[in-house]
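Input: a single structure, listed below in structure tokens.
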Number of protein chains: 2
Amino acid sequence: MSRIRNKKQALILSAACEEFAKQGYAGTKIADIAAKIELPKANIYYYFKSKEILYRHVLESFIQPLLMATQPFDQYDHPAAALTDFIKLKIEISKNHPNASKVFANEILHGAPHLPPDIIEKLIQQTCLASAKLQQWIDKELMDDIDPLHLLFMLWASTQTYADFSWQIKLHLKSDEMQAQDFEVATDTLIKIVLKGCGISTQMAE
Amino acid sequence: MSRIRNKKQALILSAACEEFAKQGYAGTKIADIAAKIELPKANIYYYFKSKEILYRHVLESFIQPLLMATQPFDQYDHPAAALTDFIKLKIEISKNHPNASKVFANEILHGAPHLPPDIIEKLIQQTCLASAKLQQWIDKELMDDIDPLHLLFMLWASTQTYADFSWQIKLHLKSDEMQAQDFEVATDTLIKIVLKGCGISTQMAE
DNA sequence: GTCTATACTAGGATAGAC
DNA sequence: GTCTATCCTAGTATAGAC
């Protein structure tokens, strides 16, 4: 297991991620990936047995960041801190992993045909924990009586949209690339609406 | 232009919409569409000159509902009524046109490679009108000073998610199909968060 | 350990039979 | 106006040369 092997695998994975994000699974050709990093097509098959396996690697590389994002729900005992950090983290992910996010979105959009069952299980668990925590806060009257799952759906959608539908975002912001400032405004706007909208006091001690 | 022709075209379009939604553009084979409606493969080519043209028809069939959804911004002079109706309309679209919505989402996800320029132009115009109206309401202090574009991004994302990422929604709601009641809860939750979150009074006359 | 040549199949599209 | 047979390109994958 040479260092060259690891390096080339990483290179292929990175190119594959970009291509799968741009074209989708079916739309991506191994030749496209090979061309992008100036490698012979057959070389890809030398490092990854099949297109399917290469795709799975790309897909799974996004799971860790995704699961990490729910940490604030464990970490904090107040919805203000938890939701603020969760939104920040999720928009950071959209900013830093736009391609992996698109690959994942594409996967979900088509009914998750390539997503391994153990990952699905983990996602369900994380969601249960987060929604249970929200329900606790509702019971303690730290926030309004909002359906926790639908709140989560809203948060996922509004944060991921900055990666997944960036074409549309850029179109309306009239810029070729989203700037750091755009992400800041997105984050601040969302935090503001969500906290106030859920009746969450930003004073930690009441 | 026989009635039979129109009927068959409609049948093909409907099957194509489902397939394109499920598999994406590249992932859909003409044979799949043909098989679904028990028509010989070549027959599809008799009614639609190419896969590309068939896809464009599916895509464009969704533009009208999409543009209609912004009507509340023209129709009402108060953000409470406009945003309430807008959210209702958008979630209705997710409920009634889940497949077309997915096809459109897929298109945007991949940078809109098949979306005709005149449609892009129309979408920009609608967005400008809606965000201008929001800005007016902000200036009149009918709502908080929220960035209008980012508010729109949030609204699009959180309403479309019920069509585009329905796999995920169903997974967490633990049901095979979303029920009418789920859409109602989604609508009510979102309206509640957005109106309160934007500081919009639900009393029309203040 | 890396690249070339090539096998094999799928799928878009068409020509022409009926 | 509808279906069959077929062409042809493109794309996954492999066997084997170097």
Side-chain angles (χ1 to χ4, degrees), chain A residues 1-60 99 103 106-107 110-111 113-116, chain B residues 1-60 99 103 106-107 110-111 113-116:
Chain A
M1 204 185 286
S2 70
R3 284 193 56 219
I4 291 175
R5 185 176 190 89
N6 285 335
K7 210 162 185 175
K8 273 214 174 170
Q9 276 184 332
L11 190 68
I12 293 169
L13 278 171
S14 142
C17 185
E18 270 186 67
E19 284 304 309
F20 284 130
K22 236 178 264 168
Q23 323 260 3
Y25 178 75
T28 298
K29 295 114 202 160
I30 296 291
D32 296 342
I33 300 172
K36 168 163 279 185
I37 48 179
E38 288 173 322
L39 228 57
K41 190 172 78 160
N43 209 313
I44 308 281
Y45 285 101
Y46 175 62
Y47 289 106
F48 295 91
K49 204 170 164 46
S50 70
K51 181 182 174 179
E52 168 84 20
I53 286 170
L54 175 53
Y55 178 75
R56 290 267 266 269
H57 272 88
V58 169
L59 199 56
E60 292 187 23
N99 290 319
V103 175
N106 199 43
E107 184 64 18
H110 297 125
H114 304 278
L115 207 60
Chain B
M1 204 185 282
S2 70
R3 284 193 56 218
I4 292 174
R5 184 176 190 90
N6 285 335
K7 210 162 187 176
K8 274 213 173 169
Q9 276 184 333
L11 191 68
I12 293 169
L13 278 171
S14 143
C17 185
E18 270 186 67
E19 283 305 308
F20 283 131
K22 235 179 264 167
Q23 324 258 5
Y25 178 75
T28 298
K29 295 115 201 158
I30 296 292
D32 296 343
I33 300 171
K36 168 161 280 186
I37 48 178
E38 289 174 319
L39 227 57
K41 188 172 80 158
N43 209 314
I44 308 282
Y45 285 101
Y46 175 62
Y47 289 106
F48 295 92
K49 202 170 165 48
S50 71
K51 181 183 176 180
E52 168 82 20
I53 286 170
L54 176 54
Y55 178 74
R56 290 266 268 269
H57 272 88
V58 170
L59 199 56
E60 293 187 23
N99 291 318
V103 174
N106 198 46
E107 183 64 17
H110 298 125
H114 303 278
L115 207 60

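If you're wondering where the values come from, they're calculated on a predicted model, not measured in any experiment. Worth knowing before you read on, the calculation uses all heavy atoms, side chains too, and leaves out hydrogens, waters and symmetry mates.
Taking atom CD1 of residue A/I44 and atom P of nucleotide C/dG1, one finds them 17 Å apart after rounding to whole Å. As a whole-Å value, the separation of A/I53 CD1 from D/dA13 C1' is 12 Å. Atom OH of B/Y25 is separated from atom P of C/dG11 by 14 Å (rounded to the nearest Å). We find that NZ of B/K51 is positioned 12 Å from C1' of C/dA10, with the value rounded to whole Å. Rounding to whole angstrom units, NZ of residue A/K49 and C1' of D/dA13 are separated by 9 Å. The CD atom of A/E19 sits 12 Å away from the P atom of D/dG11 (whole-angstrom rounding). Between A/I30 atom CD1 and C/dT9 atom P the separation is 19 Å, expressed in whole Å. As a whole-Å value, the separation of A/K29 NZ from D/dA10 P is 10 Å.
Looking at the side chain of A/Y45, the nearest of the listed nucleotides C/dG1, D/dT14, D/dT4 is D/dT14. Set against C/dC3, D/dG1, C/dT14, the side chain of B/A42 has C/dT14 as its closest nucleotide.
If you check every strand for non-hydrogen atoms under 4.0 Å, B/Y47 touches sugar and phosphate atoms only.
Proximity of a side-chain donor or acceptor of B/K29 to a complementary backbone N or O of B/G27 within less than 3.5 Å is detected.
Taking the side chain as every heavy atom from C-beta outward, A/R56 and A/F48 never approach each other to under 4.5 Å.
A donor-acceptor contact under 3.5 angstrom links the side-chain atoms of B/K41 to the base of C/dG12.
Figure legend: cation-pi geometry between B/K51 and B/F20 absent, as NZ or CZ is not positioned both under 6.0 Å from the six-membered ring centre and within 45° of its axis.
Contact annotation: A/N43 does not reach the phosphate of C/dT2 (side-chain N/O to OP1 or OP2, under 4.0 Å).
With sequence neighbours left out, B/H57 forms a side-chain hydrogen bond (donor to acceptor under 3.5 Å, both in side chains) with no residue at all.
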